[in-house]
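Below, each value reflects all heavy atoms present in this structure, side chains not excepted, and no hydrogens, waters or symmetry copies. Note that ligands are numbered from 1 as they come in the structure, with each ligand's atoms numbered from 1 the same way. Everything numeric here is computed off the predicted structure, so don't read it as measured data.
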Amino acid sequence: MLGLRRYKGTQIDLWQGDITSFAVDAVVNAANEELLGGLGVDGAIHAAGGPDILAACQEIGRCATGDTVITTAGLLPATHVIHAVGPVWSKDSINQNQLLKKTYHSVFQAAESLAARHISIPAISTGTYGFPANEAADIAFLATKEFLDSGRKTTLGRLTFVAFDGKMYETLQQHLFQRFPDELDDGGF
Ligand code: APR
């Protein structure tokens, strides 16, 4: 774990690997509006989590872009799945940055509704949905800072952002350090 910051009492760290392996209160899925599963994070979560997740998704039905729904994590080491639907990137869209930021805020709100202490978060919309990694990483940590600066007491003591490959890890680390320039503010954890 190379990327590590602490801000307003919440640890923000980075990992590279498969997000399904994290034993956290909630793992965030990069889902679609139909909640039907798919490839990428969605495919991995359903494959490793088993049929209970899809059954719970089908009960719920749909999730609008920018929003989240919560289900069981089935066979995953995590307790819950927060299914987040990010925007599909297009060069003509005018509000996709706002929509992606809204998606991250929806994730934090969903985590707080669970009184979650630790969640793992993928780089939403940067795969199939084509969002440029740099812009998406900047938005992810801008939303994180807005959330932590909101002044509300949060249960979230730890946010782990997960990159699947080295390039995304470096991009996340660059934007994490830009947005949160100070090292650990309390001498470790
Ligand atoms: N663990 C962590 N990160 C992963 C994993 C994994 N197992 N698999 C993929 N990723 C990374 C991708 O490399 C990318 O950086 O997650 C990021 C998001 O990519 P996608 O999973 O493709 O999600 P997204 O771009 O938001 O597209 C969502 O794709 O799989 C479908 O059903 C899904 O329709 C939805 C769409």
Side-chain angles (χ1 to χ4, degrees), residues 1-3 12-51 53-58 60-71 73-78 80-91 93 95-108 110 118-141 143-144 158-176:
M1 181 199 322
L2 298 174
I12 309 163
D13 50 55
L14 306 177
W15 284 80
Q16 182 180 333
D18 179 352
I19 201 166
T20 61
S21 59
F22 284 80
V24 288
D25 298 306
V27 56
V28 177
N29 182 22
N32 54 55
E33 289 191 336
E34 293 70 33
L35 300 174
L36 286 178
L39 305 170
V41 177
D42 211 357
I45 283 178
H46 283 281
I53 300 176
L54 186 60
C57 285
Q58 286 170 331
I60 296 167
R62 287 182 61 79
C63 178
T65 298
D67 287 347
T68 58
V69 295
I70 298 169
T71 69
L75 304 171
L76 294 177
H80 303 279
V81 178
I82 295 173
H83 302 266
V85 181
V88 179
W89 187 81
S90 92
K91 61 182 176 13
S93 164
N95 68 341
Q96 60 198 357
N97 289 15
Q98 281 307 324
L99 260 180
L100 184 58
K101 190 152 74 98
K102 177 178 185 285
T103 307
Y104 280 101
H105 280 293
S106 302
V107 162
F108 300 137
H118 182 193
I119 65 173
S120 54
I121 313 167
I124 299 169
S125 286
T126 62
T128 303
Y129 280 2
F131 221 99
N134 261 311
E135 285 81 346
D138 184 49
I139 291 165
F141 292 119
T144 303
R158 187 175 173 193
L159 301 171
T160 298
F161 287 84
V162 182
F164 204 42
D165 56 58
K167 196 163 175 321
M168 180 55 78
Y169 182 95
E170 279 166 30
T171 303
L172 287 176
Q173 187 176 62
Q174 176 201 331
H175 288 276
L176 170 66

Next item on the list: Please check if the side chain of Asp165 supplies one atom and the backbone of Met168 the other of a donor-acceptor pair under 3.5 Å.
Entry: yes
Notebook entry, point to check: Which residue from Val41, Leu39, Leu36, Val85 reaches closest to atom 30 (O) of ligand 1 through any of its heavy atoms?
Noted result: Leu39
Next item on the list: Kindly confirm or rule out an N or O of Ser125 lying under 3.5 angstrom from an N or O of ligand 1.
Entry: yes
Taking only distance into account, with no hydrogens and no angle test, what donor-acceptor pairs under 3.5 Å do side-chain atoms of residues 21-32 form with protein atoms, sequence neighbours excluded?
residue, atom, partner, partner atom, Å
Ser21, OG, Asp18, O, 2.7
Asp25, OD1, Arg117, NH2, 3.4
Asp25, OD2, Arg117, N, 2.8
Asp25, OD2, His118, N, 2.9
Asn29, OD1, Asp42, N, 3.2
Asn29, ND2, Asp42, OD1, 2.7
Asn29, ND2, His83, ND1, 3.1
Asn32, OD1, Glu34, N, 3.1
Asn32, OD1, Leu35, N, 2.8
Asn32, OD1, Leu36, N, 3.2
Asn32, ND2, Gly37, O, 3.2

Next item on the list: Taking only heavy atoms of Ala44 into account, list the atoms of ligand 1 that are under 4.0 Å away from them.
Entry: 7 (N)
Margin query: I want to know if ligand 1 touches Thr20 in the polar sense, i.e. an N/O pair below 3.5 angstrom.
Written below: no
Margin query: Give me the residue, atom name and distance of the protein heavy atom closest to atom 36 (C) of ligand 1.
Written below: Tyr129 CE1, 3.4 Å
Notebook entry, point to check: Which is closest to atom 18 (C) of ligand 1 in terms of heavy atoms, Gly40, Ala123, Pro122, Gly37?
Noted result: Ala123
Check: Within the side chain of Glu33, is there an N or O that forms a donor-acceptor pair under 3.5 Å with the backbone of Thr65?
Finding: yes
Margin query: Could you report the tightest heavy-atom contact between Ala110 and Ile70, atom names first, then the distance?
Written below: O-CD1, 3.8 Å
Next item on the list: Tell me which protein heavy atom sits closest to atom 22 (O) of ligand 1, plus the residue, atom name and distance to 0.1 Å.
Entry: Thr128 N, 2.9 Å
Next item on the list: Step through it carefully: locate the ring centre of Phe141, locate the ring centre of Phe161, and say whether they are under 6.0 Å apart.
Entry: yes
Next item on the list: Heavy-atom distances under 4.0 Å are what count here, so tell me which part of Ala30 touches ligand 1: side chain, backbone, both or neither.
Entry: both
Contacts table for residues 123-135: side-chain donor-acceptor under 3.5 angstrom, sequence neighbours left out:
residue, atom, partner, partner atom, Å
Ser125, OG, Pro87, O, 2.8
Thr126, OG1, Ala123, O, 2.7
Asn134, OD1, His175, NE2, 2.7

Note to self: Can you tell me how the ring of His105 sits relative to the ring of Phe108, calling it parallel under 30°, perpendicular over 60° and tilted otherwise?
What the structure shows: perpendicular
Next item on the list: Could you find the nearest protein heavy atom to atom 32 (O) of ligand 1 and give me its residue, atom name and distance?
Entry: Asp42 OD2, 2.7 Å
Item checked: Nitrogen or oxygen atoms of Ile19 and ligand 1 under 3.5 Å apart -> yes
Item checked: Residue and atom name of the nearest protein heavy atom (relative to atom 15 (O) of ligand 1), distance in Å to one decimal -> Thr126 OG1, 2.8 Å
Next item on the list: Could you find the nearest protein heavy atom to atom 12 (C) of ligand 1 and give me its residue, atom name and distance?
Entry: Phe164 CB, 4.4 Å
Next item on the list: Starting from the C-alpha separation in whole Å, work towards a yes-or-no answer on side chain to side chain contact (heavy atoms under 4.5 Å, CB included) for Thr144 and Leu159.
Entry: CA-CA 9 Å; Thr144 303; Leu159 301 171; 3.6 Å; yes
Check: Among the heavy atoms of Ala163, does any lie under 4.0 Å from an atom of ligand 1?
Finding: no
Next item on the list: Indicate yes or no for a side-chain donor-acceptor contact from Ser93 to the backbone of Trp89 under 3.5 Å, with no hydrogens or angles considered.
Entry: no
Margin query: Can you check which of Gly86, Ala137, Gly127 brings a heavy atom nearest to atom 25 (O) of ligand 1?
Written below: Gly127
Check: What residue and heavy atom of the protein are closest to atom 7 (N) of ligand 1, and at what distance?
Finding: Asp18 OD1, 3.0 Å
